[in-house]
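Below is one structure, written out as structure tokens, with a few remarks after it.
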Amino acid sequence: MIDLKYIQNNFEEASSKLAKKGVSKDTLEELKNLFTSLKEANAAYEVSKAEQNKLSKQFGEYKQKNLDTTELKTQIDELKTKLPALLETARIAESKLEELSFIVPNFPDDNVPEGADENDNIELKKVLEPRTFNFTPKEHWDLASSCGWIDFERGVKLAKSRFSVLRGEGARIERALINFFLDFNRKNGFEEFNLPLMNNASMLKGTGQLPKFEDDLFRIEDEDLYLIPTAEVPLTNLYNDEIINDKDLPILMTAYTPCFRKEAGSAGRDTRGMIRQHQFDKVEMVALSHPNSSDEIFEMMVQNASDLLSALKLPHRLVMLCGGDLGFSAAKTVDIEVWLPGQNQYREISSISNTRDFQARRAKIRYKEDGKNNLVHTLNGSALAVGRTLIAIMENYQQEDGTILIPKVLEKYL
RNA sequence: CGGGAGAUGGUAGAGCGGUUGAAUACACCGGUCUUGAAAACCGGCGAGGGUAACACCUCCGGGGGUUCGAAUCCCCCUCUCCCGGCCA
């Protein structure tokens, strides 16, 4: 949730920032008006309520002294007829404000480039040269059958399309990657977690998936539970509604979890292969930080994810997302794209975002500093998407005969 | 899924119709003392809204009700713990 006071006091600035994300000035105007109405409605109710509280207290004193209370009672009764309507007005104002304020995206940072979609993203740098092939490299779905790592057909049989089965060495490399990633992250200061794969609606709301993106989530029938679309949800919400001692910041966390996404709206995209699945493995990093150090931690997280790919000797590039391509909660995002020689293009394998205080405000994650409570900054990033890493290994390490070499760093995990 | 108990501040734990946003202890923060630390002593210490700052409003799991007045009484829901059943 964005800071409503900021909108009220710096309307022009706020609206030009959100324009980058395609939010109209009218929407913001409406938000501002709803906020003002709520404050007015609250004020009106509170004045009457204060009066009533005062009279009730007096009533008690009269009773104690055995004084006549009939006149006081009349006064109170009269006041009480007004209160329900005032309260109702305030509540309506509140729910209207909430409805809108929870679906307005975060402000992008000032240095986020303008742009409509991924074509306007800016490449920051390339890491490692793509290998040159003396044969035509295959795409991973062609390699899947020759090396036997992925069984697409049986995945579909077991569940439906966009599910697949890893088999034999493929399954073992997936597991090796998870262990390698977790160990690497832990050595860089991230504490490892093992988490519930279902979270309740309040947590999903805290990180921004709800209420706006319910269609992307798998919901458990008859329960207030959803399958997590990313470990960002449980990791960030570990501190939901808590106040952290500032000395404990930053809190760096990592976890491996399967992730579940309906992929609503991506019909026809990446239907072949294992790029876009309903269930996929990911190792995630989450940081809760003091506002002053979130930029520094952001850079560290980007570096960490990039180093993982370098350790696997996988060529990749760093891309700064433009305003139009930025996610709902993010103020700034750097994507890491790995080179897929079979597809002859770079594909996203990690996305690192600083949400500033956007999630913290929703999830009420605060820190105490000099006796005052402030919102933390929350950051999240993949390190890395495991299935896509497997694909990248297949395509980059393939041999002419269809076999695949194993990256050296993984040897001790196999 | 059946039977019982409970849900209060960071934690433990009192309060059971009025001036109680809430005793007490521990934790935590500041100070005195000390070369430093510990101990001891002194002081502070829930959250959200509101205000220039006060005032003021809200919150004792959530929702509703009774009452002039509810943490305290009544109803519903949720969750937790213990016992039993089932089961990795």
Side-chain angles (χ1 to χ4, degrees), chain A residues 1-10 31-98 101-102 194-206 210 219-226 234 237-249 251 258 288 290 357-376:
Chain A
M1 195 164 86
I2 53 175
D3 185 356
L4 296 172
K5 274 190 213 165
Y6 176 76
I7 293 182
Q8 196 173 47
N9 299 328
N10 308 280
L31 196 58
K32 186 183 154 189
N33 290 338
L34 287 173
F35 185 49
T36 309
S37 326
L38 173 63
K39 285 175 89 168
E40 286 168 1
N42 273 341
Y45 169 74
E46 283 171 15
V47 167
S48 294
K49 187 62 186 170
E51 182 69 15
Q52 199 213 325
N53 288 345
K54 209 177 80 187
L55 292 175
S56 288
K57 201 170 269 189
Q58 229 172 62
F59 190 100
E61 284 161 11
Y62 276 38
K63 275 280 185 198
Q64 223 160 37
K65 295 177 192 160
N66 267 320
L67 295 172
D68 181 28
T69 55
T70 44
E71 194 186 329
L72 210 53
K73 176 91 163 68
T74 323
Q75 266 183 50
I76 294 171
D77 285 346
E78 198 177 312
L79 194 59
K80 275 180 72 180
T81 58
K82 289 164 49 186
L83 274 170
L86 288 168
L87 182 62
E88 187 61 13
T89 309
R91 284 192 175 178
I92 289 169
E94 192 176 4
S95 71
K96 274 188 185 163
L97 178 67
E98 195 185 280
S101 65
F102 271 84
N194 191 300
L195 302 154
L197 303 181
M198 301 175 207
N199 283 191
N200 62 45
S202 169
M203 299 303 117
L204 273 302
K205 202 169 170 183
L210 290 179
R219 183 177 183 163
I220 309 297
E221 195 177 352
D222 298 329
E223 295 278 353
D224 177 33
L225 290 170
Y226 297 80
N237 282 297
L238 280 170
Y239 288 89
N240 187 298
D241 198 22
E242 293 195 24
I243 299 169
I244 302 162
N245 195 322
D246 64 337
K247 293 192 183 81
D248 294 330
L249 294 175
I251 295 174
L288 308 181
H290 189 285
D357 60 13
F358 185 81
Q359 291 179 326
R361 183 172 292 107
R362 295 171 154 241
K364 301 188 183 71
I365 307 173
R366 295 146 291 173
Y367 68 96
K368 194 178 273 295
E369 185 179 44
D370 301 328
K372 269 192 63 186
N373 298 327
N374 303 308
L375 297 170
V376 300

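Each chain gets a letter, A, B and so on, in the order its sequence line appears, and its residues count up from 1.
Using N1 to N3 plus N6-O4 or O6-N4 for Watson-Crick, or N1-O2 and O6-N3 for G-U wobble, each under 3.5 Å, rA22(B) pairs with nothing. Within the shown strands, rC83(B) is the pairing partner of rG2(B) under the Watson-Crick or G-U definition, both distances less than 3.5 Å. Across all strands shown, rA7(B) forms a Watson-Crick or G-U wobble pair with rU78(B), both key distances being under 3.5 Å. Nucleotide rG50(B) has no partner under the Watson-Crick or G-U criteria, as no pair reaches both atom distances under 3.5 Å. If you check rA37(B) for Watson-Crick or wobble pairing at under 3.5 angstrom, you find it has no partner at all.
N42(A) comes within 4.0 angstrom of no nucleic acid atom, judged by non-hydrogen atoms across all strands. At a threshold of 4.0 angstrom between heavy atoms, the contacts of R91(A) are confined to the sugar-phosphate backbone, with no base atom among them. Nucleic acid contact class of Q75(A) (heavy atoms, under 4.0 Å, all strands): none. Using a 4.0 Å heavy-atom criterion, one finds that K364(A) contacts no nucleic acid atom at all.
Phosphate contact (OP1/OP2 of rC28(B), side-chain N/O of N245(A), threshold under 4.0 Å): absent.
Residue N200(A) contributes atom CG, which lies 20 Å from atom P of rC77(B) at whole-angstrom precision. For L79(A) and rC57(B), the CG to P distance is 12 Å, given to the nearest whole Å. If you measure from atom CG of D224(A) to atom P of rG61(B), you get 20 Å, rounded to the nearest angstrom. Rounded to whole Å, atom C1' of rC45(B) lies 12 Å from atom CD1 of I243(A). Atom C1' of nucleotide rC1(B) and atom CG of D222(A) are separated by 16 Å, given to the nearest angstrom. To the nearest angstrom, C1' of rC56(B) lies 12 Å from NZ of K54(A). Note: CG (D241(A)) to C1' (rG9(B)) measures 13 Å, nearest angstrom. Rounded to whole Å, the distance from CG on L38(A) to P on rU58(B) is 15 Å.
Proximity of I244(A) to I251(A): side-chain heavy atoms (C-beta onward) are separated by under 4.5 Å at one or more points.
Only the C1' atoms considered, rA12(B) is 15 Å distant from rG6(B), to the nearest whole Å. Distance noted for atom P between rC81(B) and rC33(B): 49 Å (whole Å). Using atom P as the reference point in both rC16(B) and rG36(B), the two lie 48 Å apart (nearest Å). Taking atom P in both rC41(B) and rU19(B), the straight-line distance is 33 Å, to the nearest Å. Comparing the C1' positions of rA39(B) and rA55(B) gives an interatomic distance of 43 Å, to the nearest angstrom. Taking the C1' atom of each, rC56(B) and rG64(B) are spaced 26 Å apart, rounded to whole Å. When the C1' atom is used for both rU8(B) and rA47(B), the distance is 14 Å, rounded to whole Å. Spacing of P atoms, rC75(B) relative to rU80(B), comes out at 23 Å, to the nearest Å.
Partners of I220(A) under the side chain to side chain contact (heavy atoms under 4.5 Å, CB included) rule, at least two apart in sequence or in another chain, are M198(A), E223(A), L225(A), L227(A). Residues forming a salt bridge (charged side-chain N to carboxylate O under 4.0 Å, His left out) with D246(A) (at least two apart in sequence, or on another chain): none. For K205(A), the salt bridge (charged side-chain N to carboxylate O under 4.0 Å, His left out) test picks out E98(A), with sequence neighbours left out. Residues that satisfy the side chain to side chain contact (heavy atoms under 4.5 Å, CB included) test with I7(A), not counting sequence neighbours, are I2(A), L4(A), F11(A), A14(A), L28(A), L31(A), K32(A), F107(A).
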Side chain to side chain contact (heavy atoms under 4.5 Å, CB included) between M203(A) and Y226(A), intermediate numbers included:
CA-CA 10 Å; M203(A) 299 303 117; Y226(A) 297 80; over 6 Å; no
Verify side chain to side chain contact (heavy atoms under 4.5 Å, CB included) between D241(A) and R366(A), making sure each step is shown before the conclusion.
CA-CA 8 Å; D241(A) 198 22; R366(A) 295 146 291 173; 3.2 Å; yes
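A donor-acceptor pair is defined here as one N or O able to donate and one able to accept, closer than 3.5 Å; such a pair exists between the side chain of S95(A) and the backbone of I92(A). Judged purely by atom type and a 3.5 angstrom limit, R362(A) uses its side chain to pair as donor or acceptor with the backbone of F102(A). Distance alone, capped at 3.5 Å, is enough to place a donor-acceptor pair between the T81(A) side chain and the E78(A) backbone.
Here CG of L375(A) is found 8.5 Å from CG of D3(A). Values are rounded to the nearest 0.5 Å.
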Do any N or O atoms of the protein come closer than 3.5 Å to N or O atoms of nucleotides 50-53 of chain B, and which pairs are they?
residue, atom, partner, partner atom, Å
rG50(B), OP2, K5(A), NZ, 3.3

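In terms of position on RNA chain B, the residue among N373(A) and K247(A) whose nearest nucleotide sits closer to the 5' end is K247(A).
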Whether each nucleotide of nucleotides 66-75 of chain B has a protein heavy atom under 4.0 Å at its base (B), only at its sugar-phosphate (S) or at neither (-) is summarised, 5' to 3', as --BS------
